[in-house]
Trainee: 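Below: one structure in structure tokens.
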Amino acid sequence: MPELPEVELVRRRIETGVLGSRIEEVQILDLKRLDSVSPERLKDELKGKTFIKVGRIGKQLLLGTEAGVLAIHLGLTGDVVIGTSVDRLPRFARLIVRFEDGRRMVFEDMRRFGRVGFARSVDEIVARKRLGPDVMVVSSRTFAERARRHKRAIKSVLLDQSVVSGIGNLYADEALFQAGIHPQTLASFLSESELRNLHRCAKRVMGRSLTVGSDFDLLPRTYLLRNRREGEVCPGTNGARLASITVGGRTTVYCPRKQRLRRAPR
DNA sequence: GAGTATGTTATATG
DNA sequence: GCATATAACATACT
């Protein structure tokens, strides 16, 4: 499910679903999802409170109450669904927040990579997670300045949430594809304008995904995401075949013709 | 059974 | 400190 656009869609769902409802009870079905908060404290902190603001930085969901912030990270397979007590509980429900008006917010997570934490403030979460600025909010200038400091493959830098937060494996590939940059190019080899352009591509891709509800089939045919598999025909016009390599431990699909590797700084 | 998966983090190594 | 590689977490699906 979740990279920035998917998390943003969840954020909006939560915002329209539970903003302003008083919390009656919190049920923790999987203790290991909790991150630096005890079950007792989490329940105490939330009971009787109201979510008054639902924010997001990168892939981190931030549900603010009068007294603190519930931080939800969806991991690889997490989701948050809003319903009522008559609905069937999702199969992989890990945490349930019941509201006084009968509504219910359920954090579900099949593979259990997600995490739920609590802090007094958003700043505390940012510091604890070492979260860089959100990719949709940060300026291209700042993005370029932060990225260029690293002497690592640009793809690894894009995935490093402390540099800039929100980009995941799929959108990293798409942004690099659109920008025509080989994923293994060292970030420090890229020029300021190349990095700015890369940032624009990343933002455009994610914005576009948001407008189609993250349904990849509704993305333009020119997008790599439509057919992100080794051996597929490049969705550009060059007829090349897509290649697959590993960068920073992650599967990386790119077009060898459009994204050439450069071995010296520009 | 083998291989793969949208994420993060700890650990070891250079 | 920086960068890389690897494993670990856990489970479904092809």
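Residue numbers begin at 1 in each chain, while the letters A, B, ... track the order of the sequences.
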Trainee: Would you call A:R11 and A:E15 a salt bridge, using N to O less than 4.0 angstrom?
Mentor: yes
Trainee: Closer to the 5' end of DNA chain C via nearest nucleotide, is it A:R149 or A:G249?
Mentor: A:R149
Trainee: For A:T251 and A:D35, take the nucleotide of DNA chain B holding the closest heavy atom to each; which residue's nucleotide lies nearer the 5' end?
Mentor: A:T251
Trainee: Does a side-chain heavy-atom distance below 4.5 Å link A:P133 with A:F143?
Mentor: no
Trainee: Determine, for A:R22 against A:D101, whether the closest basic-nitrogen to carboxylate-oxygen distance falls under 4.0 angstrom.
Mentor: no
Trainee: For DNA chain B, what dot-bracket results from Watson-Crick or G-U pairs at under 3.5 Å, with [ ] for crossers and | for inter-strand partners?
Mentor: .||||.||||||||
Trainee: Distance check needed: B:dA5 P versus A:R250 CZ, whole Å only.
Mentor: 9 Å
Trainee: May I have the distance from A:Q161 (atom CD) to B:dG7 (atom C1'), rounded to whole angstrom?
Mentor: 8 Å
Trainee: Measuring only the C1' atom in each nucleotide, how far is C:dT4 from B:dA5? A whole number of Å is fine.
Mentor: 22 Å
Trainee: Taking only the P atom of each, what is the distance from B:dT6 to C:dA3 in whole angstrom?
Mentor: 24 Å
Trainee: Would A:E8 and A:R56 pass as an ion pair if we require N to O under 4.0 Å?
Mentor: yes
Trainee: By nearest heavy atom, map A:K59 and A:R130 onto DNA chain B; which one lands nearer the 5' end?
Mentor: A:K59
Trainee: What string of B, S and - do you get for nucleotides 7-14 of chain C 5' to 3' if you count protein non-hydrogen atoms under 4.0 Å?
Mentor: --BBBS--
Trainee: Could you tell me the separation between the NE2 atom of A:H150 and the P atom of C:dA3, rounded to a whole number of Å?
Mentor: 6 Å
Trainee: Rounded off to whole Å, could you give me the CZ-to-P distance for the A:R229 and B:dT6 pair?
Mentor: 13 Å
Trainee: When A:S36 is tested against each of A:R115, A:R128, A:R41, A:E124 for side chain to side chain donor-acceptor pair (under 3.5 Å), which residue passes?
Mentor: A:R128
Trainee: What is the separation between atom CZ on A:R152 and atom P on C:dA5, rounded to the nearest whole Å?
Mentor: 11 Å
Trainee: Quick one: A:Q184 CD to C:dT4 P, roughly how many Å, whole number?
Mentor: 10 Å
Trainee: Assess whether a salt bridge exists between A:E192 and A:R148, defined as any Lys/Arg side-chain N lying under 4.0 Å from an Asp/Glu carboxylate O.
Mentor: yes
Trainee: Is it true that A:E25 and A:R98 have a side-chain N and a carboxylate O under 4.0 angstrom from each other?
Mentor: yes
Trainee: Would A:S121 and A:D123 count as having a side-chain donor-acceptor pair, cut-off 3.5 Å?
Mentor: no
Trainee: Nearest whole angstrom, please: distance from the P of C:dA5 to the CG of A:D160.
Mentor: 15 Å
Trainee: With a 3.5 Å cut-off and no angle check, do the side chains of A:S191 and A:E194 form a donor-acceptor pair?
Mentor: yes
Trainee: Please state how far atom CG in A:N169 lies from atom C1' in B:dT4, giving the value in whole angstrom units.
Mentor: 12 Å
